[in-house]
There are 2 protein chains.
Amino acid sequence: MLEKQEKIFKALSDSNRIRIIKMLQKKSLCVCEIKDILKLATSTVSKHLSILREAGLIVDWKDGKWINYKINPEPDALVSNALLYIQLQIEDDETVKNDRKLTCCVDRNKLCCT
Amino acid sequence: MLEKQEKIFKALSDSNRIRIIKMLQKKSLCVCEIKDILKLATSTVSKHLSILREAGLIVDWKDGKWINYKINPEPDALVSNALLYIQLQIEDDETVKNDRKLTCCVDRNKLCCT
DNA sequence: ATATCATTTCTATTTTTAACGAAATGAAAA
DNA sequence: TTTTCATTTCGTTAAAAATAGAAATGATAT
């Protein structure tokens with residue numbers, strides 16, 4: 001239980017991962033869309049997502065050739081409270097607000113099909 | 001703000017530091033008492049405490065030859081919510097429960113005066 | 001003033017983490 | 001079935017974090 005809580009905090013202890021959670025709390029996204037907003041390598045974003053998934057904070061599902069990520073709709077108590085906590089925090093942060101603006105405009109078909 | 005939140009999560013992303021917070025939420029303690037419970041070197045405990053202090057989660061004050069640590073009584077909004085969150089979580093954890101039992105018995109005069 | 005002693009800072013070591021590019025995977029499209 | 005392409009896994013590198021012992025600090029007590 002302590003280990004589970006530690007894992008959740010570790011997952012949230014990176015600003016890029018906090019940004020991902022804040023984005024996903026507004027809109028489901030695929031890897032290439034997140035990559036475009038965070039300006040990181042695809043493999044790096046994929047790794048961040050796997051850490052968040054391992055902690056139980058997010059889930060993924062296939063949609064055609066894309067894999068979408070969203071907030072875990074069936075979290076256990078620890079995860080549920082962590083998600084609620086982060087949902088209420090840093091709402092006024094400029095980076096977070098800007099990320100959200102960008103999530104509205106991203107177009108996976110333009111981003112990925114080169 | 002995002003950086004502040006990241007710092008708080010980083011401070012809480014180590015199980016020894018979670019244990020320290022859970023202990024301090026029950027009782028103020030000095031370094032040697034925490035050292036005795038966590039079974040870590042004094043310098044290591046001191047380092048953990050400085051990380052928690054830097055994040056704004058705890059404060060210290062002198063009491064004779066000891067330096068006591070307690071939960072920050074005047075936390076800002078981010079810290080306040082984080083402290084509340086952790087106060088409500090993992091209450092049933094065995095390690096946490098055992099740590100609390102031990103905090104009642106520790107005697108700094110026996111621990112430190114060798 | 002000096003000694004004592006709890007704590008912090010410094011130095012070093014080991015482990016963990018973040019990052020990226022290249023190669024592997026696996027599903028969809030041609 | 002072969003190609004395409006989004007994503008993951010692997011291998012590597014660099015940076016950060018956890019740990020402990022030794023030395024420094026600083027306040028209390030003698």
Side-chain angles (χ1 to χ4, degrees), chain A residues 2-3 6-21 24 28-55 57-70 106-114, chain B residues 2-3 6-21 24 28-55 57-70 106-114:
Chain A
L2 180 59
E3 290 68 28
E6 183 184 19
K7 202 170 185 177
I8 291 169
F9 281 134
K10 266 197 208 305
L12 295 171
S13 70
D14 178 279
S15 62
N16 286 317
R17 291 197 290 267
I18 295 175
R19 289 170 69 187
I20 291 172
I21 292 291
L24 293 181
S28 296
L29 296 164
C30 69
V31 177
C32 68
E33 292 169 327
I34 296 169
K35 163 203 156 87
D36 186 62
I37 294 170
L38 296 185
K39 309 295 183 200
L40 292 173
T42 311
S43 59
T44 306
V45 172
S46 180
K47 178 65 179 168
H48 281 312
L49 288 166
S50 77
I51 290 169
L52 291 169
R53 188 182 49 225
E54 285 292 309
L57 294 158
I58 64 175
V59 296
D60 62 274
W61 82 98
K62 295 259 339 176
D63 171 25
K65 57 180 171 178
W66 284 281
I67 298 173
N68 284 314
Y69 282 87
K70 66 176 174 185
V106 284
D107 181 350
R108 61 183 61 181
N109 291 296
K110 281 178 190 158
L111 287 173
C112 294
C113 303
T114 42
Chain B
L2 180 59
E3 290 70 28
E6 183 184 19
K7 201 168 185 178
I8 291 169
F9 280 135
K10 265 198 210 305
L12 295 171
S13 70
D14 178 279
S15 62
N16 285 318
R17 291 196 291 267
I18 295 175
R19 289 170 69 187
I20 291 173
I21 292 291
L24 293 181
S28 296
L29 296 165
C30 69
V31 177
C32 69
E33 292 170 328
I34 297 170
K35 164 202 155 87
D36 185 62
I37 294 169
L38 296 185
K39 308 293 182 200
L40 292 173
T42 312
S43 60
T44 305
V45 173
S46 181
K47 177 67 178 167
H48 282 313
L49 288 167
S50 77
I51 290 169
L52 291 169
R53 189 182 47 223
E54 285 292 308
L57 293 159
I58 64 175
V59 296
D60 61 274
W61 84 97
K62 295 257 345 174
D63 172 26
K65 55 181 174 178
W66 284 280
I67 297 173
N68 284 313
Y69 283 85
K70 65 176 174 186
V106 285
D107 181 350
R108 59 184 62 181
N109 291 298
K110 280 179 191 157
L111 288 172
C112 294
C113 302
T114 41

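Protein chains get the first letters and strands the later ones, always in sequence-line order, with residue 1 at the start of each. Only a predicted model underlies this, so the values are computations on that prediction, with no experimental measurement involved.
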Can you name the side-chain contact (heavy atoms from CB on, under 4.5 Å) partners of [X], sequence neighbours left out?
{"X": "B:S46", "result": "none"}
{"X": "B:I67", "result": "B:D60, B:K62, B:Y69"}
{"X": "A:S28", "result": "A:W61, A:K70"}

Length of the [atom1]-[atom2] vector between [X] and [N], whole Å:
{"X": "A:L49", "N": "D:dT8", "atom1": "CG", "atom2": "P", "result": "7 Å"}
{"X": "B:W61", "N": "C:dA6", "atom1": "CH2", "atom2": "P", "result": "17 Å"}
{"X": "A:I18", "N": "C:dT17", "atom1": "CD1", "atom2": "P", "result": "16 Å"}
{"X": "A:D60", "N": "D:dA6", "atom1": "CG", "atom2": "P", "result": "17 Å"}

| remark: Reading nucleotides 18-28 of chain D from 5' to 3' and marking B where a protein heavy atom lies under 4.0 Å of the base, S where only the sugar-phosphate is that close, and - otherwise, the string is SBBBB----SS
| Below 4.0 angstrom from OP1 or OP2 of D:dT8, is there any side-chain N or O of A:Y69? | yes
| task | Enter the distance from A:I58:CD1 to A:N68:CG here, rounded to the nearest 0.5 Å. | result | 11.5 Å
Would you list the atom pairs, donor with acceptor, under 3.5 Å between side chains in residues 6-17 of chain A and any protein atom, with sequence neighbours excluded?
| from | atom 1 | to | atom 2 | distance (Å) |
| --- | --- | --- | --- | --- |
| A:E6 | OE2 | B:S15 | N | 3.1 |
| A:K10 | NZ | B:S13 | O | 2.8 |
| A:S13 | OG | A:K10 | O | 2.7 |
| A:D14 | OD1 | A:N16 | N | 2.8 |
| A:D14 | OD1 | A:R17 | N | 3.2 |
| A:R17 | NE | A:A11 | O | 2.8 |
| A:R17 | NH1 | A:H48 | ND1 | 3.0 |
| A:R17 | NH2 | A:K10 | O | 3.1 |

| said: If I compare all heavy atoms of B:R19 with all of B:I37, which pair ends up nearest, and what's the gap? | reply: NH2-O, 3.9 Å
